[in-house]
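Report on the structure given below.
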Amino acid sequence: MTVAPVMIRCYPARYWERRKEQDVSINLKVNGKAVSVDAEPDTPLLWVLREDIGLTGTKFGCGVAACGACSVHVNGQIMRSCSIAVGDVAGKSVTTIEGLKSADGTLHRVQQAWIDTQVPQCGYCQSGQIMAAVALIQQTGSPSDAQIDEAMTNICRCGSYPRIRKAIHAATGKAAAAAQNGAG
Amino acid sequence: MADSPTPNLAEAAAPTPAKKKGFKRRAFLIGGVAVAGAGLFGIKLSDSRAASKAAALTTGKGEHNFATWLKIAEDDQITIYSPHTDIGQGSNTGLAQMLAEELDAAWDKVRLVSAPGEPGFANTGLARGFLGEMSGQSGIVAGIPQSFMSLIARSMDLQITGGSSALRYTGQVTFQKVGAATRLALIEVAAERLGVPAAELTTADSKVLHAKSGKSLRYGELAAAAAALSLDSDPQLKSPKDYKLMRTSVPRLDLPAKVDGSAQYGMDFTVPDMRVATIMAAPVRGGKLTSVDEAPAMAVKGVEKVIKLDNAVAVIAKGYWSALGGLRALSPQFSDGGNAGISTASIFKAYDDLFAKGEPADEAGEGDVKAALGAKPIEAKYQVPFLHHAMMEPFALTAHFKDGKLNLWGGMQDPLASKMFAAKVAGLDADNVTFHPMLIGGSFGRRLPMYMEIVEQVTMLAMQLPYPVKLIWSREEEVAQGAYRPQSAAILRAAIGTDGKIAAFSNDYGQPESAESETTFIYDLPVVARRYYEYASNQQAGAWRSVNSTQQGFYNESFMDELAHAAKADPVEFRRKHLKPGSRHLAVLDEVAKRSGWGTPLPAGVGRGVAIVESFKTIVAHVIEASVKEDGSPKVLKVTTVVDAGSIVNPNAAAAQIEGGTIMGLSSAIGEAITLEQGVVQQSNLTDYPILKLADAPAVHDIHFLNSGAPMGGIGEPGVPPAAPALANALFAVTGKRIRQLPLLTQAKA
């Protein structure tokens, strides 16, 4: 007896039908710099960032927008780059984890809060977590616990969630409110 | 994370390691020493030939090596080589603290790097520690010369991270001693140069100081001469009251690179000319690739090659997206290896049949349990599913074969075993294979040497490609081809005497491997039986964070709760009655009751549950307060945790491990399950294997370390096991419904 492979449920058929497309030149802005890449327009932004532009801070976790490890900002909006076609970000501005520091190398206050709170364990999801937190703070100023619950849907298998919450509060000056979360 | 560490290459090389019978890892370890005896070799901190090769690999001009693991440069930079892969626990920072403490090193000039995957860096301290733990005869093990332990470690390719072992073995057995012995050597040189007695010298901040004359010498100036001395193999260690670095929460060394995107994981490795491959193995584990038409993949832009392996098909392309597109375009046919009849239901049935037959493969305990249980014991059956590690970084390993040499780059829990395995697969001499360890994006036991089929796959690809190739597993492949925590079942029975105490307790459990040598039954009962029924499905028997203690902790601590209610006793009081007076367990339980406000009133709809489990020599008790949401799913409101790991090297990093372990335990209890139908894993991605998210993590987690001074236990794993039973017991307090199957989400909805 032979069996056929398991059905791949997460990839819409259109992904596999488009393969005859040709590379086109796509212009976008990444971390403030103009970039031109030759790619099939349906290639996910994630792989263009990682393999063509060489920015590996944005991580591949699931490929189906379930985990958020690939989160970046597109025109200031948080997006999961594994599920956006690079063709759809032509002409737009993309910010990755590498683009958060200021020009003089100073960490973004969210990055600093992540160190101060000792958030990361394995660290693999943290680029995406930090990008999501920065977007949330840009949007809300000083997010409440309920807003954090709603917005911070990225997966962390190490379970750094209590510290992520604490670090977001710390970055927005609400450290005291979070003091009871987590030990140490 | 995991149990014991003998990478067995022949076993790991088999494409279908489903049946691991005879893979007696602990027996191997202990047996190795039994024939050896003591006193065969001279005592040194590492044996000379391998050590000098290791030192040569890592020591440049102006740098001086001490006992392989430590390097002091003339500019005072101190480099420590860790044989452990820091898979996120912060253990490498802890190891650096331990060595630097005894060395009196200036912390701001200490850095720690992964040791190369070379025999000179095989982990002797770990071998020594595990031998003691698993033979139960630490006194004998302590008498075995270091150089012989080193040979054992090397013969096992031992460079593993697992068993919550880094600090308690590598740290205590090796790194503290290396630090202390090196300090003595530096003092010896300084005494000679200053012309003063060594007794008048002190050390601090990487300097030797002579208070009387006010003179001092930097470690960097002394290193060359000190490195030529032979080190004391059993130096006096500091008294804990003199610690400056240990037992403090110094920030982890690895975090700055993990917040700015610069940290380089195996997934991130790149070299010029590199291609990317992705792969699909037989959906039914044990099956083979029978046929595949390569044409649809080759028609995909960017695809360069399709490679058939014995049980898998790989597509090589310019980048991952093209490779994935090529793979998805294929319709490979696989055989099922005769395993198409295996399902979640068939595995549970196999256990039930074995329980009914009543002939365990192994048993332990004391007393005549049958007589003591009587005719009508309290009885309950528990079932738990396969669990997936779901490390955030899917497997990614790069390999390049050129001019007779094979290089590999990536993150595995045992770089040295990975190298040896790759050499075997490639048919190369080990000297021609180099494994370059990189950061690991989570592991939890998945990257242990028993389950490193990716090493075999990428090696086989690289051996037939003229360029470097990075093999990336899709998340779908990663979920479908796991090394899962085994699906398991147990029947618990007990009798309660007229005094309200347990008269007899039995645990009949079905699994692919015995849990006996690894799990700890903490209660002091007159009659106990633990009986193991062996059944292996087509799945690998994986080591999932805290290994057998996850399911055994759930069984025993849920059933203890049932017995408390049967005896109409408070669950904490009931447990107290069955723990030895004055024991560490009792101290932990009392402390968690006190800190959690056990017995104080709760709002309507909120329940409290308690559970206490010892694993990896650390005792952890959780009290969980939980309610049930409108959709029937649980809401964890508060966790109170008390930990006795003996002592703690870095309290903040240890707390992070307890937080994360608790959440992983809760996540698995609430929603995680791998199920099989016709031998095929039914889950495909993180969409149908739900990991707990921030909103459902405990809003409040109070963690307290008791620091009893007992021998140091592990910290990465022990937070996991009591989480599931504490939650299930809390939900029972709310709903009156006993949870005997996990995950409980399916129950709540039923």
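From a predicted model like this one, the values you see are computed outputs, not experimental measurements. Chain letters run A, B, ... following the sequence lines, proteins first and then strands; every chain starts at 1.
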Would you say [X]'s side chain and [Y]'s backbone share a donor-acceptor pair under 3.5 angstrom?
X: B:D260; Y: A:L107; answer: no
X: A:Y161; Y: B:L692; answer: yes
X: A:R163; Y: B:E659; answer: no
X: B:K258; Y: A:Q121; answer: yes

*For the atom pair SG (A:C67) and CZ (B:R475), what is the distance rounded to the nearest 0.5 Å?*
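The SG atom of A:C67 sits 6.5 Å away from the CZ atom of B:R475.
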
*asked:* Once rounded to the nearest 0.5 Å, what's the spacing between atom CG of A:L46 and atom CH2 of B:W321?
replied: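 Spacing of CG (A:L46) from CH2 (B:W321) equals 9.5 Å.
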
*Would you call the rings of B:Y320 and A:F60 parallel, tilted or perpendicular if under 30° counts as parallel and over 60° as perpendicular?*
tilted

Output the option from [options] having the highest count of non-hydrogen pairs under 4.5 Å with chain B.
options: A:M152, A:Q118, A:E150; answer: A:Q118
options: A:T96, A:T153, A:I164, A:L55; answer: A:T153
options: A:P120, A:G159, A:C125; answer: A:P120

*Is it the side chain or the backbone of A:L100 that comes within 4.5 Å of chain B heavy atoms, both, or neither?*
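Neither part.
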
_Looking at A:Q138, I'd like to know if its CD atom is crowded, meaning that more than 12 non-hydrogen atoms belonging to other residues, nucleotides or ligands lie closer than 6.0 Å._
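Count over threshold, so yes.
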
Determine whether [X] and [Y] make a side-chain contact, defined as any pair of heavy atoms from C-beta on separated by less than 4.5 Å.
X: A:R157; Y: B:I691; value: yes
X: A:I115; Y: B:R252; value: no
X: B:F444; Y: A:C158; value: yes

*Could you tell me which portion of B:V276 (side chain, backbone, both or neither) has an atom closer than 4.5 angstrom to a non-hydrogen atom of chain A?*
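Side chain of B:V276 only, per the 4.5 Å heavy-atom cut-off to chain A.
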
*Part of B:A263 within contact of chain A (heavy atom distance under 4.5 Å)*: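 The answer is the backbone of B:A263.
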
For a quick test of reading the model, state the closest non-hydrogen atom pair linking [X] to [Y] and the distance between them.
X: A:C122; Y: B:I440; value: CB-O, 3.7 Å
X: B:P394; Y: A:G61; value: CG-O, 3.5 Å
X: A:Y124; Y: B:M267; value: OH-CG, 3.5 Å
X: A:S127; Y: B:G261; value: OG-CA, 4.3 Å

*Output the option from B:D254, B:I663, B:D268 having the highest count of non-hydrogen pairs under 4.5 Å with chain A.*
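When all of B:D254, B:I663, B:D268 are compared, B:D268 has the most.
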
*Top of B:T641, B:L694, B:D696, B:I658 for chain A proximity - count of heavy-atom pairs under 4.5 angstrom*: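 Among the listed options, the one with the most contacts to chain A is B:L694.
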
*Should the pair B:E393-A:K59 be classified as a salt bridge under the 4.0 Å nitrogen-to-oxygen rule?*
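Salt bridge absent between B:E393 and A:K59.
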
*Looking at A:E51 and B:R275, does any basic side-chain N land under 4.0 Å from a carboxylate oxygen?*
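The answer is no: the pair does not qualify as a salt bridge.
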
